[in-house]
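The structure presented is a predicted model; accordingly, all values stated were derived computationally and were not measured.
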Amino acid sequence: QVQLVESGGGQVQAGGSLRLSCSASGRAVSTHAMAWFRQASGKEREFVAGIAWTGGFTNYADAVKGRFTITRDNANNTVYLQMNTLKPEDTAVYYCAADDYGLGSPLPQKYGYWGPGTQVTVSS
């Protein structure tokens with residue numbers, strides 16, 4: 001079992017930055033692919049970024065490429081999402097997810113563990 005808790009969300013103006021953190025407890029994240037998904041009000045959950053359990057491969061949604069960066073700190077059992085040049089369309093609840101020995105797939109059904117989410121609001 002892996003328990004995930006996101007933090008770092010908040011309200012920011014367009015063009016600003018936020019860094020989300022996902023802290024894990026239970027099993028070590030070093031054996032899990034980690035990913036960030038988001039869900040805007042009235043929309044389906046969508047993939048944002050993923051990182052393989054080896055840390056050697058990352059995957060991003062086209063909408064965030066060049067603006068968001070996913071990294072992992074296995075020693076501290078934490079995954080981060082650095083979000084720069086934020087846009088109002090980035091407003092959503094952001095979720096952290098973990099997948100045993102995965103590669104950072106964009107498919108939510110690959111992930112067996114989810115955090116409760118953190119709200120990100122970008123104002124214009």
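W53 and L4 sit in two unconnected hydrophobic clusters of ILVMFWY residues. Membership requires side-chain heavy atoms under 4.5 Å apart, directly or through other members. The hydrophobic cluster containing V93 does not contain L20, counting ILVMFWY residues as joined when their side-chain heavy atoms lie under 4.5 angstrom apart, directly or transitively. Under a hydrophobic clustering in which Ile, Leu, Val, Met, Phe, Trp and Tyr are joined whenever their side-chain heavy atoms come within less than 4.5 Å, directly or via other members, Y80 and V120 fall into different clusters. Clustering ILVMFWY residues whenever any of their side-chain heavy atoms sit less than 4.5 angstrom apart, transitively, puts V122 in a cluster other than the one holding Y95.
Taking 4.0 Å as the cut-off between side-chain N and carboxylate O, D90 and K87 do not count as a salt-bridged pair.
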List the atom pairs, donor and acceptor, that lie under 3.5 Å between side-chain atoms in residues 41-48 and the rest of the protein, sequence neighbours left out.
{"residue": "E46", "atom": "OE2", "partner": "R38", "partner atom": "NE", "Å": "2.6"}
{"residue": "E46", "atom": "OE2", "partner": "R38", "partner atom": "NH2", "Å": "3.2"}

Output a table of donor-acceptor pairs, distance under 3.5 Å, between side-chain atoms of residues 102-111 and any protein atom two or more places apart or on a different chain; print 'none' if there are none.
{"residue": "S105", "atom": "OG", "partner": "L107", "partner atom": "N", "Å": "3.0"}
{"residue": "Y111", "atom": "OH", "partner": "S105", "partner atom": "N", "Å": "3.0"}
{"residue": "Y111", "atom": "OH", "partner": "S105", "partner atom": "O", "Å": "2.6"}

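A distance-only check finds a donor-acceptor pair linking the side chain of E6 to the backbone of G117 [under 3.5 Å]. R72 contributes a side-chain N or O that, together with a main-chain N or O of A52, makes up a donor-acceptor pair within less than 3.5 Å.
Side-chain contact of D99 with H32: a donor-acceptor pair under 3.5 Å is absent, judged by distance alone.
To the nearest 0.5 Å, atom CD of residue Q82 and atom CZ of residue R67 are 12.0 Å apart. A distance of 12.0 Å separates CG in L86 from CD in Q11, rounded to the nearest 0.5 Å. Rounded to the nearest 0.5 angstrom, C22 SG and N77 CG are separated by 9.5 Å. Distance check, rounded to the nearest 0.5 Å: CG of L81 to OG1 of T118 gives 11.0 Å.
Between N84 and S17, the shortest heavy-atom distance links the atoms OD1-OG, 3.0 Å. Nearest heavy-atom pair across K65 and Y60 is CE-O, 3.4 Å. Between V5 and P116, the closest heavy-atom pair is CA-CD, 4.3 Å. Scanning both residues, A40 and A92, for their nearest heavy atoms gives N-CB, 3.7 Å. Residues I70 and M34 approach most closely at CD1-O, 3.8 Å, considering heavy atoms.
Y94 and F68 have tilted rings, their planes meeting at an angle from 30° to 60° on a 0 to 90° scale.
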